[in-house]
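Each chain gets a letter, A, B and so on, in the order the sequences are listed, and its residues count up from 1. These numbers come from the heavy atoms of this one structure, side chains and all, not from hydrogens, waters or symmetry mates.
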Protein chains: 2
Amino acid sequence: MTRMDRTSRRRRGAGRPTIADVARLAGVSPITASRALREPQKVSEELRGNVAAAVEALGYVPDPNARALASSRTDVIGVIVPSLTNNVFADVLRGMYDALEGQAYQIQLGNSRYQPAEEERLLTTFARQKPSALIVSGIDQTETARAILQDADCPVVQIMETGPDPIDMMVGFSHRDAGAAVVRHLIASGYRRIGFIGARMDPRSQRRLQGYHDAMDEAGLGDPSIIITTPAPSSVTLGRHLFRDLATRSAGLDAVFCNNDDLALGALFECQNMALPVPGRVGIAGFNDLEMMAAATPSLSSVRTYRYDMGLLSMRMALGAIQEEPIEERIVDLGFELAMRDSTAGPAT
Amino acid sequence: MTRMDRTSRRRRGAGRPTIADVARLAGVSPITASRALREPQKVSEELRGNVAAAVEALGYVPDPNARALASSRTDVIGVIVPSLTNNVFADVLRGMYDALEGQAYQIQLGNSRYQPAEEERLLTTFARQKPSALIVSGIDQTETARAILQDADCPVVQIMETGPDPIDMMVGFSHRDAGAAVVRHLIASGYRRIGFIGARMDPRSQRRLQGYHDAMDEAGLGDPSIIITTPAPSSVTLGRHLFRDLATRSAGLDAVFCNNDDLALGALFECQNMALPVPGRVGIAGFNDLEMMAAATPSLSSVRTYRYDMGLLSMRMALGAIQEEPIEERIVDLGFELAMRDSTAGPAT
DNA sequence: TTGTAGGCGTTATCAT
DNA sequence: ATGATAACGCCTACAA
């Protein structure tokens with residue numbers, strides 16, 4: 001019988017039904033079955049029904065690996081973030097996953113640990129898999145990384161920041177403008193000796209510091225001695241230490257702009273510890289506006305950034321590009337919002 | 001010339017060198033080249049060198065999709081966590097990524113959002129890809145989920161918790177014991193009316209509450225009226241609200257055990273707001289011991305859990321099983337540690 | 001709209 | 001230790 005070859009064919013496969021089985025049962029050719037699944041509108045209603053029934057009967061599920069090999073495309077969307085131990089990126093990822101609801105795409109997540117070389121390595125690995133899209137954090141990719149992204153032949157979105165010449169698409173905001181806006185608010189509230197506390201000092205932190213300089217200089221308040229930064233990773237404890245160092249050496253300090261919210265919380269705790277009234281003796285502002293900021297006593301000022309939306313939108317842009325929808329804007333600036341609370345109500349008079 | 005078919009073969013592929021190209025250049029058959037890369041010890045030193053040279057010369061990199069199809073195995077390790085907006089899992093993931101250093105495996109991350117049905121859906125998708133291993137959070141998988149995991153034909157690790165009958169392997173600790181230990185400490189410190197504040201109330205939270213009951217009942221202090229829980233997701237703000245509700249309705253309350261650190265921080269802020277001295281008037285303990293706890297003013301007590309280690313070890317166990325190393329322990333209990341600080345120093349006398 | 005032919009790049013099988 | 005052969009399961013290109 002010609003059925004014998006069917007047996008011998010079984011040598012390797014564990015026996016899961018293939019699209020050929022579906023086709024046979026539906027009485028069509030494999031390619032028609034394939035089309036019925038991927039491009040239903042290109043198949044007559046009748047055959048489509050037959051195929052659907054066969055799929056149902058056999059419990060057929062397509063093999064993503066075979067599909068990937070044949071079409072040189074996977075359903076993987078590579079995402080590279082610089083940190084996982086950071087609520088900021090957790091929110092971004094949440095937005096991305098939400099955008100993927102009901103979509104047949106998988107996120108492949110890479111953690112570059114704020115190291116450009118690691119980002120290159122990850123991109124190399126990711127690109128090899130022929131992903132449907134790639135999303136990277138920041139705009140400071142190395143030349144090599146940019147080249148990989150350009151050659152990847154898929155939509156690319158840079159997130160968290162905006163800047164000139166996107167690789168492909170971009171969604172973020174200006175950290176420099178945001179930094180300047182906070183500091184201008186502090187100045188408007190009456191603070192004068194406004195220090196800067198910064199940890200990690202990755203490119204985006206650097207640009208927030210730039211914004212700080214912009215605002216301080218334009219007000220004639222610039223003074224390098226009230227800036228304290230470290231490449232060490234941020235933490236609440238670090239915020240305490242840095243604040244204490246700065247407050248100790250700069251007697252007149254009356255406010256601090258912290259690089260992020262963890263540092264700001266640390267500064268608050270240290271003020272409580274040193275019995276420095278906030279906001280009367282010291283004003284405190286953070287960055288990102290994590291949930292805890294509004295709940296602190298006193299409530300802590302911060303800069304609200306649209307992390308979830310950046311994640312959501314970046315993924316939507318990627319999906320749109322994958323489906324070859326026309327791209328409306330290559331660079332989307334989501335802006336920011338000052339969330340000024342009790343901790344910057346102004347110095348005691 | 002026979003070279004013509006080489007040209008026509010170029011129709012589809014973008015032209016990246018394949019293993020056939022390597023083999024040709026090295027003067028060996030494709031399968032030998034393949035072996036030289038995957039199982040070097042099975043190929044003579046000479047040919048191995050030739051192949052290596054050819055790989056180098058051509059800049060050959062294997063196609064993971066083709067490899068997956070041919071071997072019905074990917075280098076993907078599926079990981080499902082219930083939340084991303086949660087430092088707890090960020091630490092776990094960090095451990096996992098660290099364990100993968102220098103390994104040729106990719107993490108495919110899924111977020112079940114604390115929904116068993118979503119976990120099932122993700123597992124279905126993941127299993128389809130024939131992953132090298134699967135790691136899931138908790139021990140409360142549905143029957144369907146367990147079946148999928150069992151049929152996946154790859155190592156499976158359940159993390160965050162220990163319990164009877166693992167699907168395959170397990171690494172975690174007893175939330176119930178940990179909960180009981182904290183409360184016993186509070187009692188030993190002199191607190192009597194110890195409330196429980198719980199958010200989300202996922203299975204692990206439930207078991208912490210169980211531990212609370214264990215300790216309270218054994219001391220004859222049990223009182224359902226000083227327990228407040230909600231299925232709502234945890235937050236600092238929620239901690240404030242829940243504490244205020246509980247403190248308002250339970251006059252004698254002198255301490256709270258919070259389900260997690262965010263709630264504990266919220267409780268602290270609310271105490272500051274209500275001018276209730278901590279720890280003299282109210283003792284506060286959290287769970288997880290996030291970094292901020294030690295930095296708070298006063299420093300906040302918590303239960304130290306080995307999140308990073310759970311991530312690291314679970315991945316190492318998975319890798320070991322993939323490489324078919326003998327499994328020493330199927331269930332690893334990493335335990336916990338009380339981190340008792342100022343916030344539970346005892347009631348004022 | 002449907003089908004035929006063949007290839008995608010690699011590895012398992014079996015023989016030498 | 002090495003190689004010839006045949007999958008792996010699906011999809012692109014082209015034809016009908």
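Listed by residue number, the members of residues 30-43 of chain B with any heavy atom below 4.0 angstrom from DNA chain C are B:Ile31, B:Ser34, B:Arg38.
Expressed to the nearest 0.5 Å, how far CE of B:Met96 lies from CG of A:Asn111 amounts to 13.5 Å.
A donor-acceptor contact closer than 3.5 angstrom links the side chains of B:Ser34 and B:Arg38. Donor-acceptor pairing under 3.5 Å is recorded for the side chains of B:Glu120 and B:Thr142.
Phosphate proximity of D:dC11 to A:Ser72: absent, as no side-chain N or O sits under 4.0 Å from OP1 or OP2. Taking side-chain N and O atoms only, A:Ser29 has a distance below 4.0 Å to OP1 or OP2 of C:dG3. Here B:Thr18 does not reach the OP1 or OP2 of C:dC8: none of its side-chain N or O atoms lies under 4.0 Å away.
For A:Arg35, there are no salt bridge (Lys or Arg N to Asp or Glu O under 4.0 Å) partners, not counting sequence neighbours.
B:Asn50 places its CG atom 16 Å from the C1' atom of D:dG3, with the value rounded to the nearest Å. Per the geometry, CG belonging to B:Asp63 stands 13 Å off C1' belonging to C:dG7, to the nearest Å. Atom pair B:Leu69:CG and D:dA6:P shows a separation of 18 Å (rounding to whole Å applied). Taking atom CZ on B:Arg128 and atom P on D:dC10, their separation rounds to 11 Å, with Å as the unit. Going from atom CZ of A:Arg67 over to atom P of C:dG9 covers 19 Å, rounded to whole Å. To the nearest angstrom, P of C:dG9 lies 11 Å from CG of B:Asn65. Between the CG atom of A:Asp21 and the P atom of D:dG9 there is a distance of 9 Å, given to the nearest Å. For the pair A:Gln129 CD and C:dG9 C1', the computed distance is 15 Å after rounding to whole Å.
Applying the side-chain contact (heavy atoms from CB on, under 4.5 Å) test between B:Thr32 and each of B:Val22, B:Ile19, B:Leu47 identifies B:Leu47 as the sole match.
Ion pair B:Asp153/B:Arg73 flagged as a salt bridge, since at least one NZ, NE, NH1 or NH2 atom sits closer than 4.0 Å to an Asp/Glu carboxylate oxygen.
Contact between B:Tyr60 and B:Pro62 at its shortest, heavy atoms only, is OH-CA, 3.3 Å.
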